[in-house]
Amino acid sequence: ISFFIGHYGAILLEGNQRGLESIDKHGSAVPHFVKLALLWILGALVLFLAVLCITQPFNIQGQVLFLSVMLVLALMLTQIKARLTLMLLFVISMVVSGRYLWWRCTSTVNTDSVIGIVLSLLLLLAEIYAFTVMLLVYFQVCWVLDRKPYPMPKDKTLWPHVDIFIPTYNEPLEVIKPTVFATLNMQWPADKLHIYILDDGSRDSFKAFADEVGVGYIKRDEHNHAKAGNINHAMTVTSGDFITIFDCDHVPSSDFLVKTMGWLVKDDNIALVQTPHHFYSPDPFEKNWHLDRAMPIENALFHDFIQKGNDTWNATMFCGSSAVMRRRALEQIGGIAVETVTEDAHTSLKLNRLGWSSAFIDVPLASGLSTETLAAHIGQRIRWARGMIQIFCLDNPFLGKGLTLAQRLCFFNAMFHFLHGLPRLIFLVAPLPYMFANIYVIYATAAAIFAYVVSHMVHSALTNFILQRGYRYPFMGGVYETVLSWYILLPTTVALFMPHKGKFNVTAKGGTIGEKYLDWSVSKPCLVLMALNFIGLGIGLYKAFFDPNPEYLTLVINMGWILYNLMILGATMAVAVEEVQTHQFPRVQCKIEASVRNQAGHSTNVTLTEYSQDEVRFKCADVSVFAKDDTLDLVFIYKGQTYTFNATVKAIDGEFVELSMQFETFDQERDFNRCTFSREGMWASPKEKIDDRMSTGFFKLIEIALYGYRSMIEFLPGRWQYCRQGLHWIKSFMPKIPTTEVSKNNLNG
């Protein structure tokens with residue numbers, strides 16, 4: 001009850017200031033100091049009762065009974081879809097995990113030897129870290145603010161001037177063209193829309209392109225502070241009331257400004273409106289796991305869900321793109337932050353410190369290119385991790401004035417999360433000390449471990465499953481962290497002690513992969529961890545069969561842990577199997593009605609299923625009327641206007657036809673962009689329902705892990721190919737089920 005009161009009280013007292021209509025439609029006349037006093041009183045009450053509940057001693061039987069009641073209650077609550085039931089699940093999870101950690105701290109530290117103390121404390125600290133992150137996430141999303149667009153005034157003379165900045169450094173012109181055309185197609189008065197390419201590469205071809213399509217071009221003599229410096233320089237030579245920033249590969253739909261500017265016009269204190277980061281090309285996990293949008297993308301949890309929780313506490317984070325900012329607010333903090341390599345999050349922290357508000361609109365209004373390879377993904381996340389730790393050291397949210405307690409916690413969690421490298425590595429090797437040297441990292445009986453550890457894992461997994469449903473697939477969070485753990489460990493550690501060290505690196509976008517391969521280089525840390533766990537598993541099997549006095553329950557627990565680690569590591573290897581990417585421009589899945597007209601004037605209605613900058617793929621009932629290399633007209637009717645484009649049949653595949661687009665002018669490319677990329681509501685299409693049950697997620701993890709191990713054999717390099725051939729030779733002796741064709745031949749014979 002105390003946990004529930006504390007959570008709900010914090011929402012009422014702190015969240016009231018955000019205008020949460022679902023809680024208090026009419027606001028509150030309670031003075032701020034009274035709210036603050038009530039909040040601290042509630043906090044003290046919650047803390048006292050929580051400590052009493054968590055530290056209450058039970059024997060094993062009592063603990064099992066208590067946890068059984070908690071599990072039954074949690075399972076009942078999972079059947080009820082409501083915010084209050086989710087909060088109650090948080091309460092149960094915190095109580096169960098809190099009792100587990102209290103037991104770990106007071107009863108399970110191995111004091112038999114120095115190495116035992118060190119290893120036992122390392123695991124305990126990793127678990128305390130995970131528990132802290134869990135509590136912070138529960139707080140952030142306990143009552144998410146699902147903000148919708150606010151309508152603009154009907155009188156367009158009241159609409160403000162908007163500058164659109166498209167920063168670029170070394171990206172090809174073809175990558176930025178869809179973004180530029182999409183901004184030109186914005187639903188905004190032309191005399192109040194000012195578009196600029198911010199070219200930090202000072203390229204003549206970009207200047208010529210900008211002049212021809214009718215947008216501004218800004219370059220600078222000094223290229224200091226990377227993207228932040230580029231934007232700050234542009235602010236000195238522009239004057240719009242608001243600034244919209246798009247990464248050069250992020251393509252907005254035409255209604256972007258109409259959907260975002262409403263809140264900025266309504267509330268003069270809002271400095272930032274952020275929209276979700278959406279990607280139309282698959283990230284390395286989607287592509288290399290062959291998911292085909294079968295589960296939420298890796299960063300959906302933050303961009304689609306946690307940001308809504310941040311909005312509850314007025315702590316929405318600027319993500320560097322797909323956002324609108326008030327110029328006056330930016331000028332007040334000295335422009336985009338330049339002290340760290342994650343200038344975006346640091347900028348939003350500075351704005352909040354000066355009392356400015358922020359907002360998050362949960363509608364995808366722009367979409368961009370994901371990183372093409374695992375190596376590029378890791379490089380991007382290393383920069384994020386280093387930058388967030390730099391902010392923690394240089395502008396710690398717990399220090400200084402201007403932030404509420406809730407804002408401090410939200411920003412702190414965004415930074416604290418990137419310290420997961422060492423804890424994740426500890427979890428991956430924790431069962432090995434017992435296997436290698438009979439050192440207990442959890443010094444307790446097997447029965448006590450089952451009573452405390454298993455219940456803690458079940459409740460935290462169940463609560464996170466309900467919390468993250470629709471935003472993260474079950475069991476995949478461990479894989480995402482494992483991929484990065486080794487690589488972010490050193491940069492974050494260095495940043496803790498030398499926060500000024502490190503530079504901004506641009507994430508490469510727009511490329512092809514000509515041949516499938518396994519990136520052995522980026523997989524080296526995973527291979528080492530995998531080898532250690534396999535050796536540990538082998539030792540465990542030896543102990544089970546040949547040890548004169550085997551501790552079977554302890555062996556079962558540790559071997560089960562190792563097997564789970566090997567599944568995580570196998571799935572991690574599967575991400576490193578880079579799939580072929582033949583198309584220079586990634587294709588966007590869609591469902592757009594159009595028609596195709598041949599040279600004889602015969603028209604056929606078709607449905608576009610995919611498009612890119614220079615290709616389309618459509619489905620039609622009768623493909624016999626088409627032949628390869630035919631010249632056709634592709635016709636769209638959009639918003640009452642007809643658009644016709646020349647195209648050539650590139651390929652015919654079953655009921656699908658692929659066309660190669662033939663554009664003669666930039667105006668034609670802009671019109672095609674209007675019908676496709678920047679089409680109103682293009683990125684806000686409803687999500688397909690997926691099977692995200694826990695059991696399905698577990699079996700999917702096994703499937704991906706097995707694919708990773710098979711790929712390791714398939715792509716064995718050089719001299720190791722002999723091992724692969726030997727394995728195939730052994731496999732040839734396995735019994736085989738006859739195929740249907742062979743069976744028929746046998747019957748006929």
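The figures that follow rest on heavy atoms only: side chains count, while hydrogens, waters and symmetry mates do not.
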For Pro178, is there any backbone N or O sitting under 3.5 Å from a side-chain donor or acceptor partner on Gln613? no
Between the CD1 atom in Ile306 and the CZ atom in Arg472, the distance rounded to the nearest 0.5 Å is 8.0 Å
Cation-aromatic face contact Arg326/Trp356, 6.0 Å, 45 degrees: no
Can you confirm whether more than 12 heavy atoms, excluding those of Lys192, are under 6.0 Å from its NZ atom? yes
Find the distance between CG (Leu198) and CG (Asn230) and round it off to the nearest 0.5 Å. 5.0 Å
Give a yes or no on whether the ring-centroid distance for Phe246 and Phe165 is below 6.0 angstrom. no
Among all residues two or more places apart in sequence or in another chain, which pass the ring pair (Phe, Tyr, Trp, His ring centres under 6.0 Å) test with Phe318? none
Scan residues 176-190 for pairs that pass salt bridge (charged side-chain N to carboxylate O under 4.0 Å, His left out), counting only residues two or more places apart or in two chains. Glu174-Lys177, Lys177-Glu669
Taking Arg220 for its side chain and His233 for its backbone only, find out whether a donor-acceptor pair lies under 3.5 Å. no
Using only atom types and a distance under 3.5 Å, with no angle test, would you say the side chain of Ser660 pairs donor to acceptor with the backbone of Glu615? no
Donor-acceptor pair, Lys227 side chain versus Gly320 backbone, under 3.5 Å? yes
I'd like to know whether CD of Glu664 has more than 12 heavy-atom contacts from other residues, nucleotides or ligands below 6.0 angstrom. no
Show the numbers, then the answer: is there a ring-ring contact (aromatic ring centres under 6.0 Å, His included) between Phe302 and His277? CA-CA 9 Å; Phe302 175 79; His277 272 204; 9.0 Å; no
Which is it for Tyr169 and Glu171 under the side-chain hydrogen bond (donor to acceptor under 3.5 Å, both in side chains) test, yes or no, and what are the steps along the way? CA-CA 6 Å; Tyr169 172 58; Glu171 298 84 358; over 6 Å; no
Go through it in stages, so that I can follow the logic: the residues are Ser357 and Asn269, the test is side-chain hydrogen bond (donor to acceptor under 3.5 Å, both in side chains), and I'd like the CA-CA distance, side-chain angles, deciding distance and then a yes or no. CA-CA 6 Å; Ser357 295; Asn269 198 53; 3.0 Å; yes
Taking ring pair (Phe, Tyr, Trp, His ring centres under 6.0 Å) as the definition, give me every residue that meets it alongside His161, ordered by chain and number, with sequence neighbours left out. His194
When you measure from the side chain of Arg381 to the backbone of Ala376, do you find a donor-acceptor pair of N or O atoms at a distance under 3.5 Å? no
Is the backbone N or O of Asp283 less than 3.5 Å from a side-chain atom of Glu286, with the two atoms forming a donor-acceptor pair by type? yes
Can you tell me which residue pairs pass the salt bridge (charged side-chain N to carboxylate O under 4.0 Å, His left out) test with a partner in residues 266-277, sequence neighbours excluded? none
Check whether the side chains of Asn310 and Gln307 place a donor and an acceptor atom closer than 3.5 Å, and report yes or no. yes
Would you please classify the geometry between the Phe412 ring and the Phe398 ring as parallel, tilted or perpendicular, with 30° and 60° separating the classes? tilted
Between Arg383 (side chain) and Val341 (backbone), is there a donor-acceptor pair under 3.5 Å? yes
Side chain of Trp683, backbone of Val363: donor and acceptor closer than 3.5 Å? no
With a 4.5 Å heavy-atom cut-off, do Val273 and Ile361 have their side chains touching? yes
Residues in side-chain hydrogen bond (donor to acceptor under 3.5 Å, both in side chains) with Asp255, at least two apart? Ser253, Lys259
Are Asp614 and Ser612 close enough that a side-chain donor and a side-chain acceptor fall under 3.5 Å? yes
Report the distance from atom CZ of Arg670 to atom OG of Ser678, rounding to the nearest 0.5 Å. 9.0 Å
Can you tell me how far CZ of Arg587 sits from OG of Ser281, rounded to the nearest 0.5 angstrom? 14.0 Å
Sequence neighbours excluded, the answer for ring pair (Phe, Tyr, Trp, His ring centres under 6.0 Å) partners of Trp159 is Trp188
Apply ring-ring contact (aromatic ring centres under 6.0 Å, His included) to Tyr611 and Phe677, showing your working. CA-CA 9 Å; Tyr611 65 83; Phe677 284 98; 4.9 Å; yes
Using a 6.0 Å cut-off, check whether atom CG of Leu354 has over 12 heavy atoms from anything other than its own residue. yes
Lys NZ or Arg CZ of Arg203 over Phe206 ring: under 6.0 Å, within 45°: yes
Between Phe672 and Tyr643, does the ring centre distance come in under 6.0 Å? no
Show the numbers, then the answer: is there a side-chain hydrogen bond (donor to acceptor under 3.5 Å, both in side chains) between Thr238 and Arg327? CA-CA 10 Å; Thr238 57; Arg327 178 184 288 268; 2.8 Å; yes
Does the Trp263 side chain pair with the main chain of Lys148, one donor and one acceptor, at a distance under 3.5 Å? yes
Once rounded to the nearest 0.5 Å, what's the spacing between atom CZ of Phe392 and atom NE2 of His346? 13.0 Å
Short side-chain to backbone donor-acceptor contact, Asn232 and Ala228, under 3.5 Å: yes
Looking at CG of Leu608 and CG of Leu634, how far apart are the two atoms once the value is rounded to the nearest 0.5 Å? 6.0 Å
When you check the side-chain N and O atoms of Tyr217 and Asp199, is any donor under 3.5 Å from an acceptor? yes
